[in-house]
Student: 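I'd like to ask some things about the structure below.
Note that this is a predicted model, so its numbers are computed, not measured. Residue numbering restarts at 1 for every chain, and letters A, B, ... go by the order of the sequence lines.
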Amino acid sequence: MEEKYAFAEIEEKWRRRWEQDGLYHVHDFSERPKYYCLEMFPYPSGHLHMGHVRNYAIGDVIARFKTMRGYDVLHPMGWDAFGLPAENAAIKHGVPPARWTWDNIRTMRGQLKLLGVSYDWRREFATCHPGYYRWTQWLFLQLYHRGLAYKAKAPVNWCPSCATVLANEQVVAGACERCKTAVERRELEQWFFRITAYAERLLRDLNKLGGWPEKVKVMQENWIGRSEGAEISFPIVGTDEQIKVFTTRPDTLGGVTYMAIAPEHPLCGRVAAPEYRAAVDAFVERARRLSELERTAGEHEKEGVFTGAYCLNPLNGEAVPIFVANYVLMEYGTGCVMGVPAHDQRDFEYARKYGLPVRVVIQPEGEPLDGETMAEAYTGPGHLVNTGEFNGLPNVQAMAEITAYLESRGAARHQVQYRLRDWLISRQRYWGAPIPIVYCADCGTVPVPESALPVLLPEDVAFKPTGSSPLLDLPEFVNTVCPRCGRPARRETDTMDTFMCSSWYYFRFTSPREENAPWDRDRVDRWLPVDQYIGGVEHAVLHLLYSRFFTKFLYDIGLVGIEEPFTNLLTQGMVLKDGAKMSKSKGNVVSPEDILARYGADTTRLFVLFATPPERDLEWSDQGVEGCYRFLQRVWRLVTSVLTEIRDVPAVPARDLVGVNRSMRRLTHQTVKKVTVDIETRFNFNTAISATMELVNGMYQFRDRVSAVDRDPAVMREAVEKLLLLLAPFAPFLTEELWARLGHTESIHKEPWPEYDPELLVEDQVEIVVQINGRVRSRMTLPANISAAEMREAVLEQPRIRELVAGKEIQKIIPVPGKLVNIVIR
RNA sequence: GCCGAAGUGGCGGAACUGGCAGACGCACCGGACUCAAAAUCCGGCGGGCUAACCACCCGUGUGGGUUCGACUCCCACCUUCGGCACCA
């Protein structure tokens, strides 16, 4: 009686065994080359979803493959454990966030173990543990001491639903990235990290990231948004003040016909002439009341009012009317723009609406532009006109010359402007790492000394449904003494953005229990940078940008020796069901628990890897899972059925085999090559798996269609062993079980990756295609090593071809050795 | 609007550097086994034409081009998805 593939018992057995033996423990120092394989660690939301399964299955194949390839592979897992859902659960169900979080971690850890991912669990940590966040706070202090963490009053993004502020990166199309609520603009005093100080390096070093997808680099490039131009000063008539503008087009300065300032600009209040004051105030009031969403979503009708004031164009001395206009953003540049209607589409629209002059200063080749009649702004190249001594210059040259001219008179300077803003890291929430700062009536803002870290987050707290942080009402937390003067002082009650916690976790995995420093330098030097990082593309400008910033900062202060944390990045696609992202609200969620219970880990892993290449979206298919399950059963039946036949033979067939034994060997070795290349060079696990399926199909034929006398058991043994080794990274449990049944006493996961013999790959006969005028007309089998000339001859002798060519003039014959011959006739 | 990616059977997807389009899997159809079913095994499976799985024709989003030969390269366009969105 055939024994069934009992995945549940097999998987449980090996899970225990591996854990007992510490099979996946990796040591920090050895002679072998290192490989750091990291998947983005999850937020412990409660249960693993299919996106996690896919992410971790991909990482595990890479880690296991590299291990078999002879590397020491660091493959750790942990928990991004601070965050809002824990707090919401506390408010809703009365469960303390810490308990909720730790419970979730326990569940999800169990699920990851079920999946059979080869983590070194000794290195696990959670960012909400004081042993970790102590160092998060410590890193905050390092930034603070170097002037890169600062508190400032600024207009910030406020999410009313989450009851906290958000960083720019966390606002998507005017709405909260987490909960999709429209964010509001508020003027608050908040903590920032000066990521803008690294803008240039973050941009420049994108070039070093050859192993990153172009898509992600472009997103970061756009996010940083570098533009080069000039800052130009326009003196305001009748005052000592100046209006500064940033422009990328100093060449169009002569075409300025008005000046526009943002409604939030402090100048609005000062500059307006008395008789215009009321109108200006009313306009400013109205513009400010618009929500961020209304102001930014979609193109808006451009509106503005005249202030009654004028400034002087530093190039030609003309008086230019000053407007307040709703399309000018306070946050970018200086909050003021010079209006050049002829050469900027926005200015053009505004000028037409308010009847302002349109003066052409850049004249393209061909038909001349006319400010009176043009239908849209001209933004292309040309020669200068209406610009005095600069007339006739090509505009690109004029940019530099006009800037230089003004610079010499103190009216301008060359300027590089970024779209990137500083990273707002304060959160008005409880479940995060407290910001280690104390406010003293006498000493002001005082950092907590490093020796006093961690500033512990109190866990015995009461939650209010308002969402306001319970820390505010906790005198024993808030009230403290000033570290500097010892007098009573008040603690900062805001906590840090959780993206801060995840900006350095990949260093911590190298030495997770280190108590005297955030990490052990030797270990960081040994393991970093991460060789392969795997996760969702949604972090393109969040986590991935922040982590790059952190790494550069840490490099600058000498704590790490690398400037970029992630050498290669793989952004995996989403898991879809019925064409849409799985979500509770759509009711199209497939739970990993169910699938694991029904089919086991090996099948689950195999399916998410086989369905599509990693970077593409994956459409869930129950039937596809079924198919993978069938395949593994097929492997099981095949191997168990030949076990007695091959048990006592070595897997080293003779070299001079012929016929079926030779073909079987060829297929085996071809498969080894294909799988190796598919994994190694492009992570195409789907085609790697399909190659093993073909091998299995071939092995079935070898078993069933070749009589036992003609079959060399060593050939079968070799095929079985190589098959199991090739499948080991994908289906670690099944292959381990069958490996043991073959009589091996060491784990298959300690075996080296199989080799192939190039000599065995060569076919002696190949089928070639015969084309006439590029269309397939015939096929024939020829010796593989035949020369081009011989091929020509052989083809022309073929009766069918002779027939087709008869009476035609042969113009040309193109032989492609080993593939085809194309005959061109007329 | 700008930037980026992708369009291949009924479906997921293959096709290395320009050389047999549709590997592998799913679904479906037929057969074997079975009292029957499931499972398993074997075979078929882009469309048209046809008595014919002889041959021929069409076929990788659309239209053009380069080439002996194009899913692959070039030009133009269409569609879908993702990112940014008054950034001066």
Student: Between B:A5 and B:G10, how many Å separate the two C1' atoms, rounded to a whole number?
Tutor: 26 Å

Student: In whole Å, what separates the P atom of B:G13 from that of B:A52?
Tutor: 35 Å

Student: How is A:D347 classified with respect to the nucleic acid when contacts are heavy atoms under 4.0 Å: base, sugar-phosphate, or nothing?
Tutor: nothing

Student: Less than 4.0 angstrom between a side-chain N/O of A:N697 and OP1 or OP2 of B:G25, yes or no?
Tutor: yes

Student: Tell me which nucleotide, if any, is Watson-Crick or G-U wobble paired with B:U34 when both distances must be under 3.5 Å.
Tutor: none

Student: Judged by each residue's nearest nucleotide on RNA chain B, which is more toward the 5′ side, A:R705 or A:W223?
Tutor: A:R705

Student: Sticking with atom C1', work out how far B:U66 lies from B:C74, rounded to a whole angstrom.
Tutor: 7 Å

Student: At 4.0 Å (heavy atoms only), tell me whether A:E619 reaches a base, stays on the sugar-phosphate, or touches nothing.
Tutor: nothing

Student: Using a 4.0 Å heavy-atom cut-off across all strands, classify A:V218 as base, sugar-phosphate, or nothing.
Tutor: sugar-phosphate

Student: Should B:C11 form a Watson-Crick or G-U wobble pair with both distances under 3.5 Å, which nucleotide is its partner?
Tutor: B:G25

Student: Nearest of B:U40, B:G19, B:C56 to any side-chain atom of A:R777?
Tutor: B:C56

Student: Can you check the A:L782 CG to B:C20 P distance for me, whole Å?
Tutor: 16 Å

Student: Just the rounded figure in Å: distance from C1' of B:C16 to NZ of A:K819.
Tutor: 8 Å

Student: Hey, are A:R286 and A:E303 close enough for a salt bridge, meaning a charged N less than 4.0 Å from a carboxylate O?
Tutor: yes

Student: Would you indicate what A:R682 reaches in the nucleic acid, counting non-hydrogen atoms under 4.0 angstrom: base, sugar-phosphate, or nothing?
Tutor: sugar-phosphate

Student: Could you tell me whether the side chain of A:K302 has a donor or acceptor atom within less than 3.5 Å of a complementary atom in the base of B:C86?
Tutor: yes

Student: How close or far is atom P of B:C11 from atom CG of A:L576, stated in whole angstroms?
Tutor: 17 Å

Student: Where the side chain of A:Y332 is defined as all heavy atoms beyond and including C-beta, which of B:A14, B:C56, B:A88 is the nearest nucleotide?
Tutor: B:A88

Student: Please determine, for B:C71, whether a Watson-Crick or G-U wobble partner exists with both distances under 3.5 Å, and give it or none.
Tutor: none

Student: Could you check whether A:R634 makes a cation-pi contact with A:Y700, meaning its NZ or CZ is under 6.0 Å from the centre of the six-membered ring and within 45° of the ring axis?
Tutor: yes

Student: Mind checking whether A:C336 and A:H265 have side chains closer than 4.5 Å, heavy atoms only?
Tutor: yes

Student: Select one nucleotide: of B:C84, B:A14, B:G19, the one nearest the side-chain heavy atoms of A:I814.
Tutor: B:G19

Student: For A:K674 and A:Q417, take the nucleotide of RNA chain B holding the closest heavy atom to each; which residue's nucleotide lies nearer the 5' end?
Tutor: A:K674

Student: Side chain of A:T248, heavy atoms from C-beta onward: which of B:A88, B:A27, B:G12 has the nearest atom to it?
Tutor: B:A88

Student: Give the ring-plane orientation class for A:Y350 versus A:Y327, where under 30° counts as parallel, over 60° as perpendicular and anything between as tilted.
Tutor: tilted

Student: Rounded to the nearest angstrom, tell me the gap between atom CZ in A:F607 and atom P in B:G25.
Tutor: 15 Å

Student: Check the angle between the aromatic planes of A:Y629 and A:Y5 and answer parallel, tilted or perpendicular using the 30° and 60° thresholds.
Tutor: tilted

Student: Going by the side chain to side chain contact (heavy atoms under 4.5 Å, CB included) test, name the single residue among A:V361, A:D344, A:V360 that passes it with A:T252.
Tutor: A:V361

Student: Which base sits across from B:C54 as a Watson-Crick or G-U pair, both distances under 3.5 Å?
Tutor: none

Student: Answer yes or no: is there an ion pair linking A:R666 with A:E763, defined by an N-O contact shorter than 4.0 Å?
Tutor: yes

Student: Is there a side-chain contact between A:K215 and the phosphate of B:A5, meaning an N or O under 4.0 Å from OP1 or OP2?
Tutor: no

Student: Distance check, P atoms only: B:C26 and B:A32, in whole angstrom units.
Tutor: 22 Å

Student: Decide, yes or no, whether a salt bridge links A:R185 with A:E331 under the criterion of side-chain N to carboxylate O below 4.0 Å.
Tutor: yes

Student: Would you say A:R616 places a side-chain N or O within less than 4.0 Å of OP1 or OP2 belonging to B:C81?
Tutor: no

Student: Below 4.0 angstrom from OP1 or OP2 of B:A55, is there any side-chain N or O of A:R775?
Tutor: no

Student: If the P atom of B:G7 is compared with that of B:G61, how far apart are they to the nearest Å?
Tutor: 8 Å

Student: Over how many whole Å does the gap from A:Y629 atom OH to B:U40 atom C1' extend?
Tutor: 14 Å

Student: Of the listed nucleotides (B:A23, B:G12, B:C41), which one gets closest to any side-chain atom of A:S690?
Tutor: B:A23

Student: Is A:T247 close enough to B:A88 that one of its side-chain N or O atoms is under 4.0 Å from OP1 or OP2 there?
Tutor: no

Student: For B:A88, take OP1 and OP2 only and decide whether either is under 4.0 Å from a side-chain N or O of A:S227.
Tutor: yes

Student: Measure from CD on A:Q701 to C1' on B:C24 and round the result to the nearest Å.
Tutor: 15 Å

Student: Please pick, from B:G83, B:U40, B:G19, the nucleotide with the shortest atom-to-atom distance to any side-chain atom of A:R630.
Tutor: B:U40

Student: Relative to each other, are the rings of A:H539 and A:F499 parallel, tilted or perpendicular (30° and 60° limits)?
Tutor: perpendicular

Student: Taking CG from A:D678 and P from B:C24, how many angstroms apart are they, rounded to a whole number?
Tutor: 15 Å

Student: Between B:U8 and B:G22, how far apart are the two C1' atoms, rounded to whole Å?
Tutor: 8 Å

Student: Let me know which of A:I823, A:V824, A:L820, A:V816 forms a side chain to side chain contact (heavy atoms under 4.5 Å, CB included) with A:Q771.
Tutor: A:L820

Student: Classify A:Q771 by what it touches in the nucleic acid, base, sugar-phosphate, or nothing, heavy-atom distance under 4.0 Å.
Tutor: base

Student: State which of B:A15, B:C24, B:G19 makes the closest approach to the side chain of A:L820.
Tutor: B:G19

Student: What is the pairing partner of B:G1, taking Watson-Crick or G-U wobble pairs with both distances under 3.5 Å in any strand?
Tutor: B:C84

Student: Between B:C56 and B:C42, how far is it from one P atom to the other, in whole Å?
Tutor: 32 Å

Student: Suppose you measure atom C1' in B:C28 against the same atom in B:G9; what distance do you get, rounded to whole Å?
Tutor: 13 Å

Student: What is the base-pairing partner of B:C77, counting Watson-Crick and G-U wobble geometry with both distances under 3.5 Å?
Tutor: B:G61

Student: Name the nucleic acid region contacted by A:F631, choosing base, sugar-phosphate or nothing; use a 4.0 angstrom heavy-atom cut-off, strictly under.
Tutor: nothing

Student: Describe the nucleic acid contact of A:S621 in one word from base, sugar-phosphate, nothing, applying a heavy-atom distance below 4.0 Å.
Tutor: nothing

Student: Can you tell which of B:A14, B:C84, B:A15 lies closest to the side chain of A:N686?
Tutor: B:A14

Student: Need the glycosidic conformation of B:G9: syn if within 90° of 0, anti if not. Which one?
Tutor: syn

Student: May I ask you to evaluate whether A:R779 reaches the phosphate of B:G19, defined as a side-chain N or O under 4.0 Å from OP1 or OP2?
Tutor: no

Student: Nearest whole Å is fine: how far is B:A23 P from A:M693 CE?
Tutor: 14 Å

Student: With a 4.0 Å cut-off on heavy atoms, is A:G627 in touch with a base, just the backbone sugar-phosphate, or nothing at all?
Tutor: sugar-phosphate

